[in-house]
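Report on the following structure.
Every chain is numbered from 1 and lettered A, B, ... according to where its sequence line falls, protein lines coming before strand lines. Computed from a predicted model, the values in this text were never measured in an experiment.
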2 protein chains.
Amino acid sequence: MHKIDPAEIEQRLGQLTETCRANGLRMTHQRMEIFREVAASGEHPDADTIFKRVRKRLPTISPDTVYRTLASLEETGLISRVNPVCGRARFDANTDEHHHYICTKCGKITDIYLSTPPALPEGIENLGEVESLHLQVHGVCHNCKSS
Amino acid sequence: MHKIDPAEIEQRLGQLTETCRANGLRMTHQRMEIFREVAASGEHPDADTIFKRVRKRLPTISPDTVYRTLASLEETGLISRVNPVCGRARFDANTDEHHHYICTKCGKITDIYLSTPPALPEGIENLGEVESLHLQVHGVCHNCKSS
DNA sequence: CTCTATGCAAAAGTTTTGCAATCGC
DNA sequence: GCGATTGCAAAACTTTTGCATAGAG
């Protein structure tokens with residue numbers, strides 16, 4: 001698994017303090033430990049996993065603090081979510097090879113067709129079999145941008 | 001929006017009948033209308049949207065039928081979900097440009113680093129601004145494959 | 001007639017919200 | 001002290017499951 005270098009984590013914790021100050025966010029134990037947990041794990045944990053791990057060090061922390069803190073860290077760009085706009089499962093009956101533009105604000109998904117498909121990265125065999133190669137472009141669509 | 005050609009929908013409905021027969025699935029009004037809805041919309045609808053639309057034609061349909069039917073259509077490969085493994089939001093503190101291998105069975109996410117980043121597709125400007133370009137490789141990891 | 005699929009209801013699981021108390025700045 | 005943040009509790013929302021019945025093959 002891709003564990004992050006401890007020295008880099010320290011550096012990122014400094015970044016955390018800085019960015020929080022710049023955004024008027026306060027540096028609490030909870031925020032610190034939640035960020036450390038996401039940064040250190042390298043396995044892209046979900047909110048509940050983070051909650052269970054942080055609770056070992058801060059026994060009184062509550063799940064809603066984890067959710068709120070993850071949201072504020074995401075707003076400042078300190079962390080990101082691997083699958084944006086995934087509150088609901090969304091379906092596609094189009095079996096042609098195509099890709100997606102996803103608006104991270106409104107969740108609108110638009111098909112992208114490529115004349116030259118993206119190349120299969122090397123070393124994928126080490127990870128497992130490949131079902132599909134899917135390019136996701138994340139951004140804010142015109143509709144959301146104008147409002 | 002990318003609306004699907006009506007003639008193609010008819011063809012895909014034929015495919016539906018065929019594939020259902022091959023998999024021992026029965027061709028019900030519900031299955032037919034749910035598939036037609038996903039195929040015709042082209043906007044990658046979620047389960048609840050499909051439910052609300054199909055209900056106009058089949059007023060007694062229930063949400064759980066929609067969920068179950070979508071799951072069985074996915075199993076046979078007639079439809080796919082745009083974001084597999086998205087029951088829970090997952091977070092990443094790694095701000096380096098990187099991509100992801102996602103196991104559609106167990107949900108494990110592994111980082112992929114590319115020496116040559118994928119090219120930004122042409123015509124993206126028409127869709128909106130670009131926050132990030134994210135390659136997702138979907139497949140079944142070794143761990144799940146062996147068990 | 002058999003066995004899958006459906007509808008109803010209830011449950012499970014994730015995330016959000018209101019509010020008073022707490023704690024960083 | 002002021003105001004952001006937290007913890008608790010409850011609610012909202014999406015999805016899953018058990019079971020009796022209806023309906024496709």
Here the distance between atom P of C/dT6 and atom CG of B/Leu70, to the nearest Å, is 11 Å
Applying side chain to side chain donor-acceptor pair (under 3.5 Å) to A/Asp46 and not counting sequence neighbours gives A/Thr49, B/Arg88
Here the residues of residues 59-66 of chain B within 4.0 Å heavy-atom distance, strictly under, of DNA chain D are B/Asp64
Between CD of B/Glu33 and P of D/dA24 the distance, given in whole Å, is 14 Å
A/Glu74 CD to C/dT16 P, in whole Å, measures 10 Å
Rounded to whole Å, CZ of B/Arg55 lies from C1' of C/dG7 at a distance of 14 Å
Taking D/dT15, D/dG25, D/dT5 as options, the one with an atom nearest any side-chain atom of A/Thr28 is D/dT5
With heavy atoms under 4.0 Å as the rule, sort A/Thr69 into base, sugar-phosphate or nothing. sugar-phosphate
Taken in chain and number order and not counting sequence neighbours, the residues that satisfy side chain to side chain donor-acceptor pair (under 3.5 Å) with B/Thr110 are none
Separation of D/dT6 atom C1' from A/Phe51 atom CZ, nearest Å, is 13 Å
Between CD1 of A/Ile34 and C1' of D/dT6 the distance, given in whole Å, is 10 Å
Less than 4.0 angstrom between a side-chain N/O of A/Tyr67 and OP1 or OP2 of C/dT15, yes or no? yes
Distances for protein N/O vs nucleotides 2-4 of chain D N/O pairs under 3.5 angstrom?
from  : atom 1 : to      : atom 2 : distance (Å)
D/dG3 : N2     : A/Arg26 : NH1    : 2.5
D/dG3 : N3     : A/Arg26 : NH1    : 3.1
D/dA4 : O4'    : A/Arg26 : NH1    : 3.4

Residue set satisfying ring-ring contact (aromatic ring centres under 6.0 Å, His included) with A/His134, at least two apart, ordered chain then number -> A/His100, B/His138
Between A/Gln30 and B/Met27, the residue closer to the 5' end of DNA chain D by nearest nucleotide is A/Gln30
Atom CG of B/Asn23 and atom P of C/dA5 are separated, to the nearest Å, by 10 Å
From the list B/Val54, B/Leu16, B/Thr69, side-chain contact (heavy atoms from CB on, under 4.5 Å) with B/Met32 holds only for B/Leu16
| Close side-chain approach of A/Leu70 to A/Val38, heavy-atom, < 4.5 Å | yes
Next item on the list: Give a yes or no on whether B/Phe51 and B/Tyr67 share a hydrophobic cluster (residues Ile, Leu, Val, Met, Phe, Trp, Tyr; joining criterion: side-chain heavy atoms under 4.5 Å apart).
Entry: no
The correct set of residues in residues 75-86 of chain A placing a heavy atom under 4.0 Å from DNA chain D is none
Residues passing the side chain to side chain donor-acceptor pair (under 3.5 Å) test with A/Thr65, sequence neighbours excluded, are A/Ser62
Residue set satisfying side-chain contact (heavy atoms from CB on, under 4.5 Å) with B/Ala39, at least two apart, ordered chain then number -> A/Ala93, B/Phe35
For B/Asp64, the salt bridge (charged side-chain N to carboxylate O under 4.0 Å, His left out) test, sequence neighbours excluded, returns B/Arg68
Residues passing the side-chain contact (heavy atoms from CB on, under 4.5 Å) test with A/Cys86, sequence neighbours excluded, are A/Asn83, B/Asn83, B/Cys86
Ranking B/His29 and A/Arg68 by the position along DNA chain C of their nearest nucleotide, the one closer to 5' is B/His29
A/Met32 CE to D/dT5 P, in whole Å, measures 15 Å
Contacts of B/Glu129 meeting side-chain contact (heavy atoms from CB on, under 4.5 Å) (sequence neighbours excluded), chain-then-number -> A/Val140, A/Lys145, B/Glu131
Applying side chain to side chain donor-acceptor pair (under 3.5 Å) to A/Glu18 and not counting sequence neighbours gives none
